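Below, chains carry the letters A, B, ... as their sequence lines are ordered, and counting in each starts from 1. The shown structure was predicted, so the numbers you read here are calculated from the model rather than taken from an experiment.
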Amino acid sequence: MDFILDGFITAFHLLLSGNEETWSAVYATVYVSTLAILLTVLMGAPLGFLLGYCTFPGKRAVRLVVDTLLSFPTVVIGLIVYGLISRNGPLGDMGLLFTLQGIALGQVLLGLPVVIAMVANAVENADKRLQFTLLTLGADKAQQLAATLWEVRYHVMLATVAAYGRIVSEVGIAMMVGGNIKWHTRTITTAIALETGKGQFAMGVALGMVLMVVAFGVNISVSGLRRRAGR
Amino acid sequence: MHRFLLMLLLVALALPGAARAENPVLMMATTTSTDDTGLLDVLQPAFAADTGIDLRWTGVGTGKALELGKNCDVDVLLVHAPGAEKAFVEAGHGVNRVQLMYNDFVIVGPAADPAQVKGLSVRDALAKFAQTSTPFCSRGDDSGTHKKELGLWKEAGMAVPEKEAWYIQTGQGMLPTINVASEKGAYTLTDRGTFIKYEASHNGNPPMVILVEGDGALFNQYSGIAVNPEKCPNAKYDLAMKYIEWMASPATQKLIGEFSLMGKPLFVPNAGK
């Protein structure tokens, strides 16, 4: 049990002393999760809007698929992305394997269903009068999308935070696609897996603390944004 | 305002990609032992200083390393399973296999040695585990060490105890496997380099100790192999050859020989021998 207390102490030490390896992993984690969440929301919010707003044949089936993908195991995504971006794979020429961008690609696949499903739900449950109001005001398609997303902005933020939680804590994709390369693709989660495997539990706990601080910081800034937006 | 922040963020995200593109990058797949022991952390700065090449490695079992080479996902390999390596080269996946260094395998177990195997030959020790059903941890991950262990069972004239309750397959790297063995009071086969690292992380007083060593069957050769550029046009063959030549050069060989923990050398250089 000592290692948990040790971990606390080590965590503060690592962060405050500017330990290069730790900061490299923190940087990789923040870089990858920021890139992934940006792409996820930029693609997921409009797709979620379409899914919630439009009616088209097969909509129920699409919803079912999206809902199923909510529980897509990360190692399966890792495997699929590895197959895609391996040098012999269809996207091999892009040189994404063992890069942070490659990990981000996998994490976008992980986050997309969350954002699409939650935004679609929110749009479906939004005030039905909104659409008529927008139409009477002469809004075009893009304006309708923007206005509706603005109306459900809290849900979009909630979806973002939920997707971010999945993305930032993810280890399977980061390990398989990133390769856990020191100074380059070693994220906090893969570093935890490595240190724990080596029996360095205190170090693992310390990195776990660091990860929680990072995730906490992001959530606080999101709720700050939300408060500002609510004003 | 928001748009400005977003732009700033995007620029910040794009920067490292641009900044890193300066030096040529050599991608290597290697075994968990060279990675876990810290040998590569020592060699890499020297290699970067000598050649300006940015070496990046992923530490996986030899089986997976060979697989990554087969898929053209890496440029060079540093591995330790001579049989599998020769098959790899013969199949045309790799070229220019060069011996670089060696150490040896040891069987480690609880200091109390419940199966009484201290000082036995490998063959007798393995037989003892089977007779007494003493727990034994196998890597079970197709790594060089795992391949070696499978070979040792065969040499001892026994079937691999695949389904026996006392035979524990961890499916993990060497250090994790030693830790599992330690927790379960089991024995395991490890390379000496990784074990010295394990001893060092327990300040020289580990719960697991070396019980079987010095058997000729336990020799552990490490080699470098370049991925075949004819099969993998994208592989950086020139850089791979530079790396292998650099590893085999007298100066680097000296560095490898000098790499030690707690005063014990982990690898013995033997390029060109």
> Is any residue of residues 191-210 of chain A within less than 4.5 Å of chain B by heavy atoms, and which ones?
Replying inline: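 Residues of residues 191-210 of chain A touching chain B at under 4.5 Å: A/Leu194, A/Gly197, A/Lys198, A/Gly199, A/Gln200.
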>> Test of understanding: with salt bridge (charged side-chain N to carboxylate O under 4.0 Å, His left out), list the residues that count as partners of B/Arg192, not counting sequence neighbours.
In response: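 Partners of B/Arg192 under the salt bridge (charged side-chain N to carboxylate O under 4.0 Å, His left out) test: B/Asp104, B/Glu213.
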Over 12 foreign heavy atoms within 6.0 Å of [atom1], [X]:
{"X": "B/His93", "atom1": "NE2", "answer": "yes"}
{"X": "B/Lys231", "atom1": "NZ", "answer": "yes"}
{"X": "B/Met241", "atom1": "CE", "answer": "yes"}
{"X": "A/Gln143", "atom1": "CD", "answer": "yes"}
{"X": "A/His13", "atom1": "NE2", "answer": "no"}
{"X": "B/Lys242", "atom1": "NZ", "answer": "no"}

> Top residue by heavy-atom pair count (under 4.5 Å) with chain B, among A/Asn88, A/Leu97, A/Thr99, A/Ile85?
Replying inline: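 When all of A/Asn88, A/Leu97, A/Thr99, A/Ile85 are compared, A/Asn88 has the most.
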Relative to chain A, which segment of [X] carries a heavy atom at a distance below 4.5 Å: side chain, backbone, both, or neither?
{"X": "B/Lys70", "result": "backbone"}
{"X": "B/Ala235", "result": "both"}
{"X": "B/Met27", "result": "side chain"}

>> Looking at every heavy atom in both A/Tyr82 and B/Asp73, which two are closest together, and how far apart are they?
In response: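 Answer, listing the atom of A/Tyr82 first, then B/Asp73: OH-OD2, 2.5 Å.
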With a 4.5 Å cut-off on heavy-atom pairs, point out which of [options] contacts chain A the most.
{"options": "B/Ile178, B/Asp41, B/Leu40", "result": "B/Asp41"}
{"options": "B/Thr32, B/Thr177, B/Val180, B/Leu68", "result": "B/Leu68"}
{"options": "B/Thr194, B/Val74, B/Thr58, B/Asn234", "result": "B/Thr58"}

